[in-house]
Amino acid sequence: MSVPAEPRGGLTLEPLAAARRRPTWGRRLRGRQDRHLWFGLFVLPFVAGMLVFVYVPIAWSAYLSFFDARATVTPTKFVGLANYSYLLTDPEFRSSLLVFIAFAVLIVPLTYVCSLGLALLLSGLRVAQAFFRSVFFIPTAVSYVIAAMIWRISFFNGGRFGLVNSLLRQLGGSNIDWLGGANYGYWVALVSLRLWLQVGFYMILLIAGLNRIPSETYEAAAIDGAAGWRMLRYITLPQLRATTAAVLMLLLINAFQAFDEFWNLLSGVNGTYPPYGRPPLVHLFVISLGGSNQDLGLGGAGTMILTAIIVVFGVAQNWFANRGADREER
Amino acid sequence: MRSVRSRADRALLVVRYVVLGVLAVLFLLPFYVIVRNAFASSKLIAAAQWNWLPDRWNFANITELFTNSDVEMGASLWHSAVMAVVQTALTVVVALLAGYALARHTHRVARLLSALTIFTLMVPAAVTFIPTFVMTSALGWIDTFRGLIVPGMFSAFATYMFRQSFLGFPRELEEAALIDGANPWRTFWQVVVPNSMGIVGAIGTITFIGSWNAFLWPMLVTRTGTRTVQVTLSQFMTSQLVNYPELFAGALVAVIPVLVVFLFLQRYLVQGVETTGLR
């Protein structure tokens with residue numbers, strides 16, 4: 001532990017001399033050639049920023065969550081677990097968790113299948129591969145606000161205009177009120193929007209995964225007569241297992257944070273939000289910061305609950321990743 | 001046998017290109033809709049019958065947008081540009097320094113900080129927006145560039161990525177510089193960083209696009225003084241004064257910077273996605 005860093009004199013074998021020459025605290029703190037000093041200098045901005053803008057706020061929020069903190073950050077009325085018990089028994093908060101689950105159940109498998117489909121369609125193409133890859137990847141650069149604008153006004157407009165209703169009428173159907181909440185049409189808009197925006201990102205990840213599969217594996221399987229579906233089922237998918245696990249977990253964590261497209265597709269005039277289609281972050285925003293009266297105690301409790309959920313995801317991901325790595329080593 | 005097989009292969013290849021072509025049109029359709037709506041009239045955008053072509057190419061929509069005093073498009077673009085450029089630069093510098101130190105030191109404190117960074121990686125900033133908002137408003141930073149930029153510039157993600165990248169950076173280069181008498185600070189900026197531009201470009205591009213497109217945080221902390229273009233467009237869309245051609249002209253103007261960055265830095269972006277998505 002306390003190996004002296006200084007080069008010692010000739011009497012090093014004698015314990016007393018060594019003790020006398022032990023470097024001072026200041027010297028040890030700075031380290032050999034001031035190594036520790038440099039280390040501190042390099043990490044200081046990041047560590048200080050993380051403390052001030054991540055950890056202190058979370059601790060403060062945890063503190064606020066035990067108080068009646070309406071429109072104040074220095075509350076006095078201790079309420080114990082009342083904010084937590086309110087949220088956990090609140091049907092609206094629970095339904096926001098259900099909205100997340102429904103969204104995840106739709107978007108996670110759909111994005112994976114579509115991204116993999118695109119990656120496989122592109123793999124091995126000689127002509128125009130880079131062009132198609134760019135076309136599918138380019139929506140990643142567009143913001144959810146702008147995508148929601150197109151979806152809401154020109155594609156899935158609830159009124160008589162909009163591309164989808166126009167097509168429906170040509171096919172003999174009638175207009176559908178897509179976003180009004182009278183039906184589940186808004187899910188079509190939400191899911192198709194996010195698919196368009198993020199499929200290219202995961203396609204790139206899966207292309208990288210496909211490129212890591214050694215070509216000898218395919219050649220050996222082809223000699224054994226594997227092709228098409230069987231090749232995919234028995235060679236490609238098993239070899240992609242690590243990439244798949246990472247992609248699915250990223251998709252799940254991103255679905256948990258959904259806010260922008262829900263807000264911009266469904267919110268009404270001047271920042272009002274309808275009672276349906278509220279994922280956790282939207283619900284937390286509405287009950288804690290959205291109104292004229294800020295309820296930071298409730299917001300703090302909600303943040304703690306959502307953070308706990310996402311940490312569970314993270315731990316599960318690490319567990320799966322380690323398990324997968326163990327398996328591959330065997 | 002052989003010729004039958006190759007003919008089937010060729011047919012399959014044609015099918016693949018047809019499918020890809022149809023999908024490409026579908027993926028580009030939203031971009032076309034932005035352009036169509038940005039130059040069309042309100043009447044066309046709200047017409048019951050869908051029209052593929054605008055009724056006119058009216059470039060006045062753009063000038064009307066910038067002279068519309070309810071929208072403040074010019075100021076919003078400026079705020080977004082300041083935010084995206086400054087936040088990208090500061091995020092990259094802070095994360096570069098920390099990532100380098102965490103890669104080169106193995107003592108207890110460094111290991112603890114690395115573990116803390118990975119733990120922070122698990123908790124996305126979006127989930128803790130209320131605590132960060134409480135802190136930012138306690139500092140009196142609402143509607144300032146500080147409030148817009150600083151809370152989001154300490155990226156555990158970027159730090160972790162740089163750390164991973166520096167773990168594979170050859171130490172011999174640095175050691176040569178150190179022996180020549182350069183201190184770690186100079187060695188870092190003159191030897192390490194210039195040889196790491198690939199990962200810097202990748203993280204920088206991802207950060208820039210994320211910053212330009214950010215919505216939730218800017219919506220929380222900006223008022224008239226620093227409102228970004230995404231927030232302005234969102235509020236214009238849901239206001240009673242909305243004018244569809246002007247709105248889409250705004251979308252067109254707001255999407256061009258990221259598309260330019262995307263087209264020029266796509267190589268870095270692809271590399272970034274590949275190295276970052278799978279740690």
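Reminder, nothing fancy here: chain letters follow the sequence lines and each chain counts from 1. Nothing here was measured: the structure is a model prediction, and the numbers come from that model.
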Do [X] and [Y] have side chains that approach each other closer than 4.5 Å (heavy atoms only, starting at C-beta)?
{"X": "A:Arg35", "Y": "B:His107", "value": "no"}
{"X": "A:Ile204", "Y": "B:Leu269", "value": "no"}
{"X": "A:Ser154", "Y": "B:Asn37", "value": "yes"}
{"X": "B:Trp50", "Y": "A:Val164", "value": "no"}
{"X": "A:Trp38", "Y": "B:Thr187", "value": "no"}
{"X": "A:Pro139", "Y": "B:Phe27", "value": "yes"}
{"X": "B:Leu20", "Y": "A:Leu122", "value": "yes"}
{"X": "A:Phe39", "Y": "B:Pro184", "value": "no"}

Proximity breakdown for [X] and chain A, heavy-atom pairs closer than 4.5 Å:
{"X": "B:Leu139", "answer": "side chain"}
{"X": "B:Val93", "answer": "neither"}
{"X": "B:Gln49", "answer": "both"}
{"X": "B:Met219", "answer": "side chain"}
{"X": "B:Leu263", "answer": "side chain"}
{"X": "B:Ile34", "answer": "side chain"}
{"X": "B:Ser155", "answer": "backbone"}
{"X": "B:Arg36", "answer": "side chain"}
{"X": "B:Ile45", "answer": "both"}
{"X": "B:Asn51", "answer": "neither"}
{"X": "B:Thr159", "answer": "side chain"}
{"X": "B:Ala47", "answer": "backbone"}
{"X": "B:Ala110", "answer": "both"}
{"X": "B:Val270", "answer": "both"}

Evaluate the ring planes of [X] and [Y], with Trp represented by its six-membered ring, and classify them as parallel (under 30°), tilted (30 to 60°) or perpendicular (over 60°).
{"X": "A:Tyr55", "Y": "B:Phe119", "value": "parallel"}
{"X": "B:Phe129", "Y": "A:Phe285", "value": "tilted"}
{"X": "B:Trp185", "Y": "A:Phe42", "value": "perpendicular"}

Any chance you could measure [X], atom [atom1], to [Y], atom [atom2], to the nearest 0.5 Å?
{"X": "A:Ile138", "Y": "B:Leu28", "atom1": "CD1", "atom2": "CG", "value": "7.5 Å"}
{"X": "B:Ile209", "Y": "A:Thr140", "atom1": "CD1", "atom2": "OG1", "value": "8.0 Å"}
{"X": "A:Leu281", "Y": "B:Leu216", "atom1": "CG", "atom2": "CG", "value": "7.0 Å"}
{"X": "B:Ser137", "Y": "A:Leu289", "atom1": "OG", "atom2": "CG", "value": "9.0 Å"}

Mind ranking [options] by heavy-atom pairs under 4.5 Å with chain A and telling me who comes out on top?
{"options": "B:Met153, B:Met135, B:His105", "answer": "B:His105"}
{"options": "B:Gly21, B:Gly99, B:Ala46, B:Pro124", "answer": "B:Ala46"}
{"options": "B:Asn183, B:Val109, B:Leu96, B:Leu13", "answer": "B:Asn183"}
{"options": "B:Thr120, B:Thr132, B:Val33, B:Val255", "answer": "B:Thr120"}

Only pairs at least two apart or in different chains count here, so list each ring pair (Phe, Tyr, Trp, His ring centres under 6.0 Å) that has a residue in residues 246-266 of chain B. A:Phe137-B:Phe262
In terms of heavy-atom pairs under 4.5 Å with chain B, which of A:Ala141, A:Gly268, A:Ala59, A:Gly314 leads? A:Ala141
Which atom of [X] lies closest to which atom of [Y], heavy atoms considered:
{"X": "A:Val142", "Y": "B:Asn213", "result": "C-ND2, 3.6 Å"}
{"X": "A:Ser123", "Y": "B:Arg16", "result": "O-NH2, 2.6 Å"}
{"X": "A:Val43", "Y": "B:Ala101", "result": "CG1-CB, 3.5 Å"}
{"X": "B:Ala98", "Y": "A:Phe46", "result": "CB-CB, 3.5 Å"}
{"X": "B:Ile130", "Y": "A:Ser288", "result": "CD1-OG, 3.5 Å"}
{"X": "B:Ala254", "Y": "A:Ile146", "result": "CB-CD1, 3.9 Å"}

Ring centres under 6.0 Å, that's the criterion: do B:Trp141 and A:Phe53 meet it? yes
Measure from the side-chain N and O atoms of A:Arg152 to the backbone N and O of B:Met237, and report whether any donor-acceptor pair falls under 3.5 Å. no
Look at the side chain of B:Tyr244 and the backbone N and O of A:Ile153, then say whether any donor-acceptor pair between them is shorter than 3.5 Å. no
In terms of heavy-atom proximity below 4.5 Å to chain B, should A:Trp196 be classed as side chain, backbone, both, or neither? both
